[in-house]
Amino acid sequence: MSTNVTAPTAAHTEAVTADDEHGPLVRSLSATLPGALGSVIATVVVLATIVFGIWSLIATWSGNPGAGLPLFQVFVAGTVVAINAIAARKTFSYVITLIGAVLWLWVSVTPFEPFWQTVLQAVTFTIMAAGVVFSTAAVALSKKPRF
């Protein structure tokens, strides 16, 4: 009695490696949104960042910066989120970037001790930057054919 064992082919090995390359978070974020829903959500996100930017700019120029959000943080977070939303409009993978940006703005306006302010801003900015990386990987994964 003999047993036939065949080694996995190169194509099979590459497919398994490609699947293992992305974690479950990236795979779950790579799901495409139906129809024009992704473009509509991305448009709403971009318009909201523009509104917050204008509101913050008017509050800063009027001499009452406490009435709005910090202009620098709004500009940076809004730019990162808007560009990421436009690039990933077919998926909702920029949700982590959006959450990181909101947390960064919240930490920026909340009075903490200087040490904790710096630590929390670094952590929330890192979350926002990691969201960009996850979103980029999810968009690349969503463009690959799934068999």
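Hydrogens, waters and symmetry mates play no part in the numbers below; they use all other heavy atoms, side chains included. Numbers for residues simply follow the sequence, beginning at 1.
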Please confirm whether the backbone N or O of L69 pairs with a side-chain atom of S56, one donor and one acceptor, at under 3.5 Å? yes

Does F72, at its CZ atom, have more than 12 non-hydrogen atoms belonging to other residues, nucleotides or ligands within less than 6.0 Å? no

Can any side-chain N or O of Q117 pair as donor or acceptor with the backbone N or O of V107 at less than 3.5 Å? yes

Q) So F92 and Y94, would you call those rings parallel, tilted or perpendicular, with 30° and 60° as cut-offs? A) perpendicular

Shortest non-hydrogen pair, W104 vs M128, comes out as CE3-CE, 3.9 Å

I'd like to know if V123 and I99 are part of one continuous hydrophobic network [Ile/Leu/Val/Met/Phe/Trp/Tyr, side-chain heavy atoms within less than 4.5 Å]. yes

Between G131 and I96, the two heavy atoms sitting closest are CA-CG2, 3.6 Å

Tightest non-hydrogen contact, residues A101 and A77, listed as CB-CB, 3.8 Å

_Membership question, hydrophobic clusters at under 4.5 Å side-chain separation (ILVMFWY): are F134 and I127 in the same one?_
yes

Note to self: For residues F115 and V109: do they belong to one hydrophobic cluster (side chain heavy atoms under 4.5 Å, members Ile, Leu, Val, Met, Phe, Trp, Tyr)?
What the structure shows: no

Between the CG atom in L141 and the OG1 atom in T136, the distance rounded to the nearest 0.5 Å is 12.5 Å

I'd like to know if the side chain of T97 and the backbone of V132 have a donor-acceptor N/O pair within less than 3.5 Å. yes

In terms of heavy-atom contacts, G53 and L71 come closest through O-CD1, 4.3 Å

Output for pair (W106 CH2, Q73 CD), nearest 0.5 Å, gives 14.5 Å

Interatomic distance, CG@L57 vs CD1@I50, rounded to 0.5 Å, equals 13.0 Å

For N84 and S135 the tightest heavy-atom approach is OD1-OG, 3.0 Å

- Does the side chain of L105 reach to within under 4.5 Å of the side chain of F52, using non-hydrogen atoms? no

Quiz item: Any link between W61 and F75 through a network of hydrophobic side chains (Ile, Leu, Val, Met, Phe, Trp, Tyr) touching at under 4.5 Å?
Solution: no

Minimal heavy-atom distance between A82 and T49, with the atoms involved, is CB-OG1, 4.0 Å

* **Same cluster (ILVMFWY, side-chain, under 4.5 Å), V95 and V81** => yes

List, one per line, each side-chain donor-acceptor pair under 3.5 Å for residues 39-48, sequence neighbours excluded.
unit_1	atom_1	unit_2	atom_2	d
T43	OG1	S39	O	2.7

